[in-house]
Each structure stands twice: as C-alpha cells, then as structure tokens.
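See below for the structure under consideration.
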Amino acid sequence: MKNLKFIVTMILLLTASNLRAQSMEGHTGSNSEPDSMKYEKELMEVVVKASRKYVKPTSRGVKVSMIGNPVAKLGSASDALKQLPMIDASKGGIEVLGYGSPQIYINNKLVRNTSELSMLSADDIKDVEIITNPSSKYGTDVASVILIRTRKPNEGFHAVAAGNATMSEAFSASGDVNVNYHTESGFTFFGDFAYGTAAYKQKRYYREEFFISGKPEELFYTQTHSNARSRSQSLSADGGVNYDFGKHSVGVKYSFFRTPKSHYTDHANTETDARSELSTITSSTDLNSQNSMHHLNLFGDFALPLSIGLRFDADYVNSFKRSSSAVDENESSEWVRNDNHTVSNLWAAKLVLTRKVLNTEFEIGTDISHTFNNQDFTSIASDNSSFLKPGEDDVKQNLYAVFGSFDWTPDKKWNVYGGIRWESTDSRYRHDNILNPELSRTYGNILPNLGVSFNSGIHASLFYRASVYRPGYQSLDNNYIYVTPTLWETGNPELRTTLVHRIGLNLSYKKFTLQSSFRINERNTSAVYCHNDEKGINITKPVNLPRYNYFQIVAVQQLDFGFWHPTLQGVFYVQDLKYGAPQRKYDKPLYTLSMNNRFDIPGSIYAYLSVFCMGTGNQDVVYSHGSWQASLTVNKIWKNWTFTLSANDLFGTWRQPFDTTTNTVAYSSNRKGGSQSVSLSVRYTLNSAKGKYKGKTARQDEIDRF
C-alpha cells in the first residue's frame, strides 16, 4: 500500500495548495460591490458567500436540482448521487440515509444494474428526487425511491465510453460503452455494454461461545482466524427502442446480465474445546458460482381523452444460478461438498391510470405477477451427517395488487396526500414433489398511507404508512452450509412476512432537514444463533422476531463557506427488542455520523472529502462496536473528457466488528480489508443530453427475491 499512501499524500498536498491560493485571492480586490452581486463578508479569515439552494423539501422527501449544481460536474450519475444530501455511500454503494437500498428510476424506467448509473453522465441530469415515504404504486417492501429525470434529448448520435481501474489488496477493472441515436420523428435507439472484474482480500476473525445441554456450568468456545479472497467477473448488455409520438410513448428493451465466474477461497485456522479435547483445525473453503438473467420489458405511456394518463409495463424474467463449494478439514480429513442449481421465472404486468381534477391528482392501478422458483441441491459430508440430504424445492406464487392514491393541494401552503394498496398472495411450496400444506399459504394485506404537509418558511410533513416485506427465496432454502467446524448456516422455509407500521414527522428549514419516525415491527426477520444438541453444532438461520418498536431520527445540515461546502449528516436509532431463551434485551442506541465536504478549487477542479463514523449499539439482534473511515475524490473535466481520482479508506481504519448473542450462543466477527483502495475513472462523452428508455419494471420486489 506504499503507492496508495504516496498518491493520497499528493492529492492532499495539491488540494491544500489550491485552497490556499483561492483563499488569498478572496482578500484582494474591491470591498464596494453593488447590491445586485452576491454578499461577501470576512468571518475569521473565511469568505462566506450567499449560494443557490439546490435542495428543496417535498411532501414525501427532498428534490435536488442539478442545473448549475457543481455536483453535476462529476463524471457519472453514480458518482454524483454519492455526494447528494440524504445519501449514504459508506458501504461503497448508494443507500438512502436511514432507509437502506432504494429503488432507482431514470425517467420512470427502473434501474436493473448499477452500470446504468455509471453510463449516465451527471451533466445530463435535470433533477433527482429522494423519496422516503413512497406512494401506494410502489411495491409493499420499498422503503425509499430515487427518481432521476434527465434533460430533453438532443437529436443525433450520442455515445459515452468509460473505464475504471482500482488498486487495493487486489486489482479490479471495468469498462462500459453506451450508444444512443435520437431522431426528429421521435425514435430513440439505444444499446449498452459493460464488463468488469472485481476482487478483494480480507482478514476475518470469528468467535463462538456457547453452552451445551447437560453442562450448563461449562462454557465452550471456538475461535477462527481466516484469510479470504474473492475474484469475480460481470457482464451486462441491453438494447431497445423508444418511440415518442405526440403525447404518447411506447418501447421495448432486452437486458442480459451474467456472472461468468465467481471464485471465493478461505484458508482458516480454528481452535475449539467443544470436541473431546482441545483441537486445532486448519481448513480450506473453495466456492465457485455463476449466474445469468434475461429480462424483457415492454411499456406504453398514453394520453387518453378526458385528460387521463395511462401507463402499462410488462416483464418476463428468466434467471439461472449454480454454485458449488468444497470444505476440507486437514487434520481430521473430514470434508463437506455442496451443490446448488436454481432456475427462476417471472411474468408480471402493471397498469396505472392518472387524472387531475381541479387541484387534486388521482392515481389508480393494478399489478399482477406469477413467479416460479425451482431449486435442486445436494450436500454430503465425510461423516454422512443425517441433516445433509439432497432435495428439490419448488415454489410457485401468484400475487395480485390493486392500489389508489390522491394528492390534494388546496393552496400554496397545504398539501394532503394518501392512498391504499391491497395485495393477495397465493403460494404453493413443494419439497421433492410433495406439497407442504403448512408452508403453502394464501394471505391478503391492506396497506394504507396518509399524510399532510405545510409549507411556509418551514416545511413540515406528518404521515402514516404500512409496509409488508416478504422473504427472498434464498432465505427459505433449508440446505446447510459449513461456516466453521462448530457452526453451520441454513435458511428457514417457515419464515412469514414482516409487517411494519410507520408514523413519521419531517421538518425542513432552509438547508436543514430532520426526518423522524416511530415504527412498529411485526415478525421482522433477522439471523439468530442457537446450539443444536442432536447435531452437536451451532446453527444460524433467519427467524421472525417478536413484535418490537424502534425510533429513528435522520438529520442533514448543509453549509457554505466560500470554496468550502460541508454537509453534516447523522442517524440516531433506538429499539426495545427482547428475544431468546434465555431472553435478552437489545436496546443499546445506535448512531452514525458523516461529514461530506466539497472544495471548489481553481482550474475547475472539485475535491470531495468524506468522513464517516459508525457508532456502537443494537440493530435487531446485532451489536456494532463502531468504526470510521475517510475517503477523498478529485474531479476534473477537460473538453469531452472527465477524470476522477478516488482514494477510499484513506488511513486503513475501517473495520466490521459485530456481535450477535442469541439463545445460548454468543457469536462475534471482525473483518479487516477490502475497503482501502485507489481508483482512476476516465470517461469520454460524444454529445450529451441523450434520449433515455422510458420503461420500468412492473414487479421489482419479485425480481429481488430471486
């Protein structure tokens, strides 16, 4: 990592030098500016300037204008999103602060792969809306939504080519190409291609402390030190056409995603006293997997008589996954082999009608989906363990939903909005071609939401929303996977849906935003640990937790000091969960803090310095011991070229220390590595403001369950 430290040092020296130069320039020149210009005043040798407000509150979240916004100077939409308020990029991806991974749409078309964000130029974006209280038309398990709207398309041929190289403990690289042709008659032809390799190395530590029935006075332990590494390939391609005629639009798009190869290895050294005598075990794990997905989307957007808007989306998805793992314990010559083969299919359609009557907008619609998931698995061990049996699972599910919503704006100050969604789900679960009536269920949910907002200097919004979260198919898989000599992981086909009731109060004033919510969780899903006396092992699996409540506050404060533009963000979270045998309390408050800084450097250079801190506390049954990291990004545009140099986890401080103590097992893990890196991105844009496909996926939540 000597090269990393050298590059980071040079970035910091360059940034500091340019900032000093700009600060000195701020103290030269006339002090008698006309009133029509921006007001400036010296405060402790820092020039403070009035600046445009790019962020505006909405009844369901915030909206960020990108016209003239310096963040739009960043090369890709992905890089720009990470620098917006209410966004948490500490894990490398894009999450909404306090609300997890969002559904992202570009011009009403659902983003299926993050490469789409990498290929979209930030300068082509008109605005970004971050929704933390989605309406009834979105899926029941959608906690947040990001809507990206682009500028009006230009006629002609447009293309973007980009490449990225990342150096950490391992080398990764990626490249993508986007081409787009928009005609005067309203046709847009487009195609995308992306290929990349990703790799990491990580040091891991696990510790288990547990009791065995019959020996309640004796505490056993297992501790494991391991070195893990992973390398994978990814490939994506899509193509399609839009046709805009008058106020109508239709289109079709085909997408293909594939992981040709993913290889994971882990070499571990384990010490345990749970066997007949103190044992030291060295083991190796080798996991290979590959998957692919075909996705066809059709859409139509029509303006009907009586000012009625009609939107139609239909999808077909076919996915395939295969994985195999081999674990060998060297001293005992014991081994475990797992193979898994899964095929999934989805048919889905969604219809939405919109109509505005006076000062009220109405929206009604329906969506249906049929999913089929077939899984064949085999699992054997050298000791012929009785719980490792080959099998075949078939799960079929039909889902029907009807929804309606309204948005009433009686005047400029008040806004009342709400809606209701009814869903009915019919599931049939077969194991080895035998129907399991206990796991085959039919149920329905009525999910209302209602809110009122007030806007007069200060913006306030009070709302209620109900949500349902259904488990993914992989979490229902009851095959056993080896973790350590005394710990195995499995799924739980008896998982039920999670129901969440949320009451929220959002406040905004100038550049300050506060979002608070109180939630009631019924049957929330979390991974727990227990000791199985019959099998003589510890087992971790997802279960439905008992009902509990939690309270969350999200706060964002934006500031401007001349060339320095900091954004302070924080989340405070506290819950009252009690669970287990023996029963324990999981009620330690958890918090996160971050400070994102943008520096405007002469020469049209922008530097972004971010510091993120995760505190201690509980979330579900997991306890975080806290960690922190800092990252730096420098961006420069030259003609049609955009250069972005980034350094992540500058000081190598990021750790992942978590504990989960449930029932008679206390499990601890600590991971180091895979976070410190330096990357260089280069993109070339031929023309800009290109046309975009306007389709979107009908049942994204169903696709995610695959």
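Since the structure is predicted, the reported quantities are computational estimates derived from the model, not experimental observations. In what follows, residues are counted from 1 in the order of the sequence shown.
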For this session: Kindly say whether S646 contributes a backbone atom to a donor-acceptor pair with the side chain of T633 at under 3.5 angstrom?
Result: no

Exercise. Tell me, do K413 and N455 make a side-chain contact under 4.5 Å, heavy atoms counted?
Worked result: no

For this session: First locate atom CG of D88, then atom CG of L97, and finally report the distance between them rounded to the nearest 0.5 Å.
Result: 5.5 Å

Problem set entry | Y608 side, atom OH; N596 side, atom CG - distance, nearest 0.5 Å | 11.0 Å

Exercise. Counting only N and O atoms by type, is there a donor-acceptor contact under 3.5 Å from the side chain of R151 to the main-chain atoms of D123?
Worked result: yes

Exercise. Is S669 close to Q656 at the side-chain level, that is, under 4.5 Å between some pair of heavy atoms?
Worked result: no

Problem set entry | Derivation of the side-chain contact (heavy atoms from CB on, under 4.5 Å) call for Q676 and W654 | CA-CA 8 Å; Q676 194 172 25; W654 185 246; over 6 Å; no

For this session: Carefully, step by step, assess K126 and T150 under the rule side-chain contact (heavy atoms from CB on, under 4.5 Å).
Result: CA-CA 5 Å; K126 178 183 178 182; T150 62; 5.9 Å; no

Problem set entry | Smallest separation among heavy atoms of M66 and A72, with atom names | O-CB, 3.7 Å

Exercise. Where is the tightest heavy-atom contact between A122 and A80, given as atom of each residue plus distance?
Worked result: CB-CB, 3.8 Å

Exercise. Any side-chain heavy atom of L81 sitting closer than 4.5 Å to one from I148?
Worked result: yes

Problem set entry | Value rounded to 0.5 Å, distance of OG in S90 from CD in E95 | 6.5 Å

For this session: Tell me, yes or no, whether the heavy-atom count around Y205 atom OH, taken from other residues, nucleotides or ligands under 6.0 Å, exceeds 12.
Result: yes

Exercise. So, the side chain of R60 versus the backbone of N133: is there a donor-acceptor pair under 3.5 Å, distance only?
Worked result: yes

Exercise. What class does the angle between the rings of F189 and Y181 fall in, given that below 30° is parallel, 30 to 60° is tilted and above 60° is perpendicular?
Worked result: parallel

For this session: Write down the atom of N618, the atom of D587, and the distance for their closest heavy-atom approach.
Result: OD1-N, 3.5 Å

Problem set entry | All side chain to side chain contact (heavy atoms under 4.5 Å, CB included) counterparts of I637, not counting sequence neighbours | K73, N635, T642

Exercise. Do the non-hydrogen side-chain atoms of D192 and D176 ever get within less than 4.5 Å of each other?
Worked result: no

For this session: For T616, check side chain to side chain contact (heavy atoms under 4.5 Å, CB included) against everything at least two apart and list the hits.
Result: Y623

Seminar exercise, completed: In S461, S59, S453, the residue satisfying side-chain hydrogen bond (donor to acceptor under 3.5 Å, both in side chains) with Y417 is S461

Problem set entry | CG-NZ distance between N227 and K201, expressed to the nearest 0.5 angstrom | 9.5 Å

For this session: May I ask you to decide if D124's main-chain N or O and S121's side chain share a donor-acceptor pair within less than 3.5 Å?
Result: no

For this session: Consider only side-chain N and O atoms of S681 and N164, and report whether a donor and an acceptor are under 3.5 Å apart.
Result: yes

For this session: Would you give the length of the straight line joining atom CZ of F643 to atom NZ of K636, rounded to the nearest 0.5 angstrom?
Result: 10.0 Å

Problem set entry | Q202 side-chain N/O to G673 backbone N/O, donor-acceptor pair under 3.5 Å | yes

For this session: Using a 4.5 Å cut-off on heavy atoms from C-beta on, say whether the side chain of Q629 contacts that of N648.
Result: yes

For this session: Evaluate the side-chain proximity of I131 to T58: yes if any heavy-atom separation is below 4.5 Å, no if none is.
Result: no

Exercise. Out of curiosity, M595 CE to L559 CG, how far, rounded to the nearest 0.5 Å?
Worked result: 8.0 Å

Exercise. Under the 3.5 angstrom rule, does the side chain of Y54 hit a backbone N or O of G68 as a donor-acceptor pair?
Worked result: yes

Exercise. Between F190 and K253, is any pair of side-chain heavy atoms under 4.5 Å apart?
Worked result: yes

Exercise. What orientation do F599 and W564 show, parallel under 30°, tilted 30 to 60°, or perpendicular over 60°?
Worked result: parallel

Exercise. Do N640 side-chain atoms and T685 backbone N/O form a donor-acceptor pair below 3.5 Å?
Worked result: yes

Exercise. What are the two closest non-hydrogen atoms of Y606 and P70, and how far apart are they?
Worked result: CE2-CB, 3.8 Å

For this session: Report yes if the distance between the aromatic ring centroids of W414 and F454 is under 6.0 Å, otherwise no.
Result: yes

Exercise. Hey, mind stepping through V55 and K511 against side-chain contact (heavy atoms from CB on, under 4.5 Å) and telling me if it holds?
Worked result: CA-CA 8 Å; V55 182; K511 295 186 177 183; over 6 Å; no

Problem set entry | Min side-chain heavy-atom separation I106-L117 under 4.5 Å | yes

Problem set entry | Distance-only polar pair, side chains of D127 and S65, donor-acceptor under 3.5 Å | no

For this session: Measure across R655 and G652 and return the closest heavy-atom pair with its distance rounded to 0.1 Å.
Result: NH1-O, 3.0 Å

Exercise. Is there a donor-acceptor contact under 3.5 Å from the side chain of R502 to the main chain of F463?
Worked result: no

For this session: Please name the residue in the list V574, L505, L514 that meets the side-chain contact (heavy atoms from CB on, under 4.5 Å) test with I553.
Result: L514

For this session: Heavy atoms only: give me the nearest D649-S675 pair and the separation to one decimal.
Result: OD2-OG, 2.8 Å

For this session: May I ask you to decide if H158's main-chain N or O and N180's side chain share a donor-acceptor pair within less than 3.5 Å?
Result: no

Exercise. Any ion pair linking E129 and R149 (charged N to carboxylate O, less than 4.0 Å)?
Worked result: yes

Exercise. Where do Y99 and Q552 land on the side-chain contact (heavy atoms from CB on, under 4.5 Å) test, with the steps shown first?
Worked result: CA-CA 10 Å; Y99 298 90; Q552 175 180 278; 4.2 Å; yes

